[in-house]
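A quick write-up on the structure given underneath.
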2 protein chains.
Amino acid sequence: MNAPTFRSWQSVQDEVLRRIHAREWSPGELIPNEADLAVEFGCARSTVNRALRSLAENGLLDRKRKAGTRVAAQPVAKATLDIAVLRHEVEEHGGKYGYQLIARDVVVPPLSVSGAMKTMADEKLLHVRALHLADDEAYAIEDRWINTRIVPAVSAETFQSVSANEWLMKHAPYTHGEIAFSAVQASVDDAEIMGVAENSALFAIDRLTWDSEVSVTKVKLLFSPGYQLRTGL
Amino acid sequence: MNAPTFRSWQSVQDEVLRRIHAREWSPGELIPNEADLAVEFGCARSTVNRALRSLAENGLLDRKRKAGTRVAAQPVAKATLDIAVLRHEVEEHGGKYGYQLIARDVVVPPLSVSGAMKTMADEKLLHVRALHLADDEAYAIEDRWINTRIVPAVSAETFQSVSANEWLMKHAPYTHGEIAFSAVQASVDDAEIMGVAENSALFAIDRLTWDSEVSVTKVKLLFSPGYQLRTGL
DNA sequence: AATGCTTTTATGTATGCACATAAAATTTTG
DNA sequence: CAAAATTTTATGTGCATACATAAAAGCATT
């Protein structure tokens, strides 16, 4: 038999995907090594490597040195979410973006906040609360703590017209962070600001970002009822 | 000056990250081309390419042919979520996993379901409802519709002891899918099954998977109050 | 049988080179 | 002068080769 040749790493990837999908290689099964596949596909090993590495990054293959490559037993679906600046998120959906500052103080945060941010218990942080709107309707409440020691320039910013959400993206770099999604009931306060029933179910995003070993900012975003965060698989 | 040489693509990536982070290259700014960087770093262009490509995949750089590479103006945070089989999710947290089938019927689905799945309005689908438990407490309610035409083997499966969540992972491949996260209020029904207050805020995951152009399954997972989906940035 | 050493082997990566391709920049043309 | 054709250029990719490295497998020693 004279197998067709696969000249691009994309076509190699497609063929591998097809075999996984067609169960020619079933979950958990060891697949031929790169060198053999290269011969079979009529291309260089590096081309095969490129294709398989990409699939491994997407969680469809498990690779280990010497142990070889096997089809992921349970393809942990990896959903990649793009967390954009709220203004862009609204505008991309064709909505009119609005912003309103609710409060801005420099205060000693509750222990839960200083604990998570690993700041001194008595150290003051900048606390900003704001409302983001889409087409003049409440879109999300932003409740944020900012480490002024790390981002000193923040002291000069009033956040009257530019949201902390957007300002920090531009002015406060971070090395890594954690993000959590959950559902919470609207507090009396939140419900009033958003104009929704108390105890409404709100989608919440909690984010905590770090610059090396120091926390930069901790934010909770509460989205209006009906909000959905979606992506492809 | 005699710059140190960067021999691995990782070290090149680290150096590029450092420059972005230190604002030596600021957001939106065009950075030197691959060839020049290769000379500066004392490595091959392909090594630089590997490093920059990886950073671009992570959303930190924007690259365009001929136009060059620039630092992302607003680094859209890309959060990658691992959506695992519920049993594994529970067991990984050290919990005891439990499972209980609530209902299993072959019925004509509501129009909203047949519409989303693009099946005939009068075509019967397999409907499965089940409860997943962690340490004998309600963990999540699974409400699933399965296209029996695409997954005929499903007819022989009772789902008495194996959840559809897990069974499908093994037996029903898919090419792509959509996933959405939201917050919903517990219905009377849900609240009773979970043993929580009516209108509790529940975290919801809606997933719809396809095999080429045909829908495989549509599922809604409702998680107990307090559930958080978390990941790093 | 448990332990440590050595070999084998599949993946991981670096390099130099070539050519492909998209898009900006420039020149030619109407 | 504007539109179309052409050139230039930075990224994208493929290939052959070489060496690095992790980890499994085999071997030997206790």
Checklist entry - Is there a side-chain polar atom (N or O) of B:Thr69 under 4.0 Å from OP1 or OP2 of D:dT11? => result yes

Item to check | Interatomic distance, A:Leu61 CG vs C:dT11 C1' [rounded to whole Å] | outcome: 13 Å

Checklist entry - How long is the line joining CG of B:Asp62 and P of C:dA24, in whole Å? => result 14 Å

Checklist entry - Please give, in whole Å, the distance from C:dA23 C1' to B:Arg70 CZ? => result 13 Å

Item to check | Separation of C:dT13 C1' from B:Gln13 CD (nearest whole Å) | outcome: 14 Å

Between the protein and nucleotides 14-17 of chain C, are there any N/O to N/O pairs under 3.5 Å, and if so, what are the atom names and distances?
| from | atom 1 | to | atom 2 | distance (Å) |
| --- | --- | --- | --- | --- |
| C:dA14 | OP1 | B:Trp9 | N | 2.6 |
| C:dA14 | OP2 | B:Trp9 | N | 3.4 |
| C:dT15 | OP2 | B:Ala44 | N | 2.9 |
| C:dT15 | OP2 | B:Thr47 | OG1 | 2.6 |

Checklist entry - Among D:dA24, C:dG12, D:dT11, which is the nearest nucleotide to the side chain of A:Arg65? => result C:dG12

Item to check | Donor-acceptor pair (no angle test) under 3.5 Å: B:Arg63 side chain, D:dT11 base | outcome: no

Item to check | Side-chain donor-acceptor pair present, A:Asn49, A:Glu34, cut-off under 3.5 Å | outcome: yes

Next on the checklist: In this structure, how many angstroms lie between the C1' atom of D:dT11 and the CG atom of B:Leu55, rounded?
Outcome noted: 15 Å

Checklist entry - Do any side-chain nitrogens or oxygens of A:Lys64 fall under 4.0 Å of OP1 or OP2 in D:dA24? => result yes

Item to check | Sidechain N-carboxylate O distance under 4.0 Å for A:Arg18, A:Glu24 | outcome: yes

Item to check | Over all atoms of both residues, closest heavy-atom pair of B:Val90 and B:Ala134 | outcome: CG1-CB, 3.7 Å

Checklist entry - According to the interplanar angle, ranging from 0 to 90°, do the rings of B:Tyr227 and B:Phe203 count as parallel (below 30°), tilted (30 to 60°) or perpendicular (above 60°)? => result tilted

Checklist outcome for this item: Of A:Gly68 and A:Arg53, the one whose closest nucleotide on DNA chain C sits nearer the 5' end is A:Gly68

Next on the checklist: If I take atom CG in residue A:Asn33 and atom C1' in nucleotide C:dA10, what distance separates them, rounded to the nearest angstrom?
Outcome noted: 6 Å

Item to check | Salt-bridge present (A:Arg19, A:Glu40; N to O < 4.0 Å) | outcome: yes

Item to check | Heavy-atom closest contact (B:Ala138 atom, B:Ser224 atom, distance) | outcome: O-OG, 2.8 Å

Next on the checklist: Without decimals, in angstroms, what is the distance between A:Asn49 CG and D:dA16 C1'?
Outcome noted: 14 Å

Checklist outcome for this item: A:Glu57 CD to C:dG12 P, in whole Å, measures 10 Å

Item to check | Ring centroid separation A:Tyr99 to A:His132 under 6.0 Å | outcome: yes

